[in-house]
Amino acid sequence: MSGAPDLVVFHARMVPCSESEIAMGKVHELQMIEDGALVVASGRIERIGKTEEVLAQTTLGPDTVLVDAEGRALVPGFVDPHTHALYHGRRIPEMQLRQEGKGYLEILDAGGGIQETVRQTAAVDDENLARETRRRIAETATYGTTTVEVKTGYGLTPEREMRLLRVLAQVRRHAPVEIYRTFLGLHAWPLGVENREDHLLAMDGMLADVKKRDLADAVDVFCEQGVFSPADTRRHLEAARAAGLAVRLHADELRPSDGAELAAELGALCADHLLAATDQGLNAMAENSVVAVNLPGTAFFLHEQALPAARQRAAGVVAALATDHNPGSSPTFSMPMTMALAMHRAGFTPAEALLAATRGAALALGLEGSRGQVAPGLRADFVLLDDPDYRVLMYSFGMNPVQAVYAAGRLVARSGRVTEEVQAWIDS
Ligand code: NIG
Ligand code: FE
């Protein structure tokens, strides 16, 4: 090894997101390095600072790639800590049914919704399912996402959920961005299965094997009135924890279900959705360091009020932002659109929204200190925007202000298109 860096990016308006305190309401302005530069070696950030100083301290090699950012904003790669990207088929007619007055849970109870995607996913072979999932993950990268959580949950029975975990393992091979795996076997009740206790025991019983075979990092449950109760959720997540897996939950998405309180009691990494969470629940989450994962795209698409930033500030909770990408309640891949919705529909400041899409999101995955910042020692995941002002992320809503995306120091997307290397991975 020559020791020379692989990449140097300079003349960037750098927003490292390295604030020491990231709870809601604590940060008003983000620190910025005007005319900043960063040095990448072996996929990691070696050094950051002012362009002049960094260039003076760095010995370039013949193969060092130099990128002049021409004054554009440089922010950490986004961490999307909640997606259901592993599925087949769209649900466009359901969108109109909801417009006509049918409820999300009503459609699910009638055998549609999640159950429709379960049927469609079962009907496609593993190769095609893996390919379309790779294509989706690559698309998230064109919007600046460099770490993405992907859940199972469109299998519902032990056998079908195992299949999804195997496909996810296949998708992760040679992935250009990091994929964090969550097992969501308790996403809905499997149609045709009658014995409640037997089914729940079978699902709990899978978890030790899932861990032993290293098929997932965390376990999630859709804890909601009429779906899985707090008691079902508690038992499953306790089994998950006993197996050595991290735990989290879909909590209080549409109706108050004591999900936030349960997340706090279990010491979950995060609780997600929270549209119907109580203030006591949010306070308990803050006290127990449970991250509040906001999914404003889902609130938008289901015509619900987003969780107000003001309530999260009052609780002092750490917020994260995620797309919740899925075919029923949030078909978007865009973290910039998610940040725009957080600002314009939930009252986040731009600083809070960017911190929630980077630091808060990393914390929600237990990856604080290794993702979500531009700092020496961290993986070189960063995004160049098409403007010097990072707030273009919340301004250009519905458009893509991301100019170039680097994951582990490699260019993965530019101007909305993935690189040839990433395309080869999609086609692999
Ligand atoms: O997070 N609420 C449960 N799960 C997903 C939606 C899944 C679907 O509708 O396919 C969510 O909104
Ligand atoms: Fe979800």
Side-chain angles (χ1 to χ4, degrees), residues 80-98 102-122 132-133 136 140 148-156 160-161 164 180-191 218-229 232-233 247-257 259 263 268-277 291-304 306-307 320-333 338 341 361 364-365:
D80 186 347
H82 183 142
T83 85
H84 305 249
L86 180 59
Y87 64 89
H88 176 69
R90 289 179 160 158
R91 304 212 308 260
I92 295 173
E94 180 186 319
M95 169 178 73
Q96 192 163 354
L97 282 181
R98 284 190 288 96
K102 282 246 184 324
Y104 176 83
L105 293 172
E106 197 185 344
I107 294 168
L108 175 61
D109 285 346
I114 294 171
Q115 305 290 359
E116 173 61 22
T117 302
V118 169
R119 280 189 289 276
Q120 296 201 49
T121 303
E132 60 187 300
T133 305
R136 289 190 192 108
T140 71
V148 57
E149 185 255 19
V150 177
K151 301 176 198 297
T152 68
Y154 295 115
L156 306 183
R160 286 177 171 180
E161 284 290 320
L164 294 180
Y180 180 99
R181 307 152 300 171
T182 300
F183 176 75
L184 176 57
L186 298 193
H187 192 198
W189 191 258
L191 296 179
V219 175
D220 193 348
V221 175
F222 187 12
C223 177
E224 185 80 20
Q225 278 185 45
V227 190
F228 292 99
S229 68
D232 298 338
T233 305
V247 302
R248 54 187 298 166
L249 48 153
H250 280 66
D252 308 308
E253 176 172 351
L254 299 161
R255 302 169 185 161
S257 310
L269 276 175
C270 56
D272 305 34
H273 286 290
L274 303 166
L275 301 182
V291 177
V293 179
N294 287 244
L295 307 163
T298 312
F300 168 76
F301 201 65
L302 295 184
H303 308 180
E304 301 281 345
L307 176 67
L321 283 171
T323 61
D324 193 21
H325 172 80
N326 75 78
S329 69
S330 186
T332 186
F333 292 115
T338 304
L341 289 169
L365 297 180

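First listed ligand is number 1; within each ligand, the first listed atom is number 1.
With ring centers used as reference points, H82 lies 6.0 Å or more from H325.
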Checklist entry - Stepwise, does the side chain to side chain donor-acceptor pair (under 3.5 Å) test hold for D324 with T298? => result CA-CA 7 Å; D324 193 21; T298 312; 2.8 Å; yes
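Annotation: R119, atom CZ; neighbour count of heavy atoms from other residues, nucleotides and ligands within 6.0 Å is above 12. Within 6.0 Å of OH on Y104 lie more than 12 heavy atoms contributed by other residues, nucleotides or ligands.
A distance of 7.5 Å separates OH of Y87 from CG of N326, quoted to the nearest 0.5 Å. With rounding to the nearest 0.5 angstrom, the CD atom of Q225 is 10.0 Å from the CG atom of L254.
Under a 3.5 Å cut-off, the side chain of E161 and the backbone N or O of T152 do not form any donor-acceptor pair. Remark: the backbone N or O of D80 is not paired with any side-chain donor or acceptor of E149 at under 3.5 angstrom.
Classified by interplanar angle (parallel below 30°, tilted 30° to 60°, perpendicular above 60°), the ring pair Y154/H187 is perpendicular.
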List, for ligand 1, each N/O atom that has a protein N/O partner under 3.5 Å away, with both atom names and the distance.
{"residue": "ligand 1", "atom": "1 (O)", "partner": "H84", "partner atom": "NE2", "Å": "3.3"}
{"residue": "ligand 1", "atom": "1 (O)", "partner": "H250", "partner atom": "NE2", "Å": "3.0"}
{"residue": "ligand 1", "atom": "1 (O)", "partner": "H273", "partner atom": "NE2", "Å": "2.8"}
{"residue": "ligand 1", "atom": "1 (O)", "partner": "D324", "partner atom": "OD1", "Å": "3.0"}
{"residue": "ligand 1", "atom": "1 (O)", "partner": "D324", "partner atom": "OD2", "Å": "2.9"}
{"residue": "ligand 1", "atom": "2 (N)", "partner": "E253", "partner atom": "OE1", "Å": "2.6"}
{"residue": "ligand 1", "atom": "4 (N)", "partner": "H187", "partner atom": "NE2", "Å": "2.8"}
{"residue": "ligand 1", "atom": "9 (O)", "partner": "R91", "partner atom": "NH2", "Å": "2.7"}
{"residue": "ligand 1", "atom": "9 (O)", "partner": "Y104", "partner atom": "OH", "Å": "2.5"}
{"residue": "ligand 1", "atom": "10 (O)", "partner": "R91", "partner atom": "NH1", "Å": "2.9"}
{"residue": "ligand 1", "atom": "10 (O)", "partner": "R91", "partner atom": "NH2", "Å": "3.3"}
{"residue": "ligand 1", "atom": "10 (O)", "partner": "Y154", "partner atom": "OH", "Å": "2.6"}
{"residue": "ligand 1", "atom": "12 (O)", "partner": "E253", "partner atom": "OE2", "Å": "3.3"}
{"residue": "ligand 1", "atom": "12 (O)", "partner": "D324", "partner atom": "OD2", "Å": "3.0"}
{"residue": "ligand 1", "atom": "12 (O)", "partner": "S329", "partner atom": "OG", "Å": "2.7"}

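Counting only protein atoms, the N, O or S atoms lying less than 2.8 Å from the Fe ion (ligand 2) are H82 NE2, H84 NE2, H250 NE2, D324 OD1, ordered by chain and residue number.
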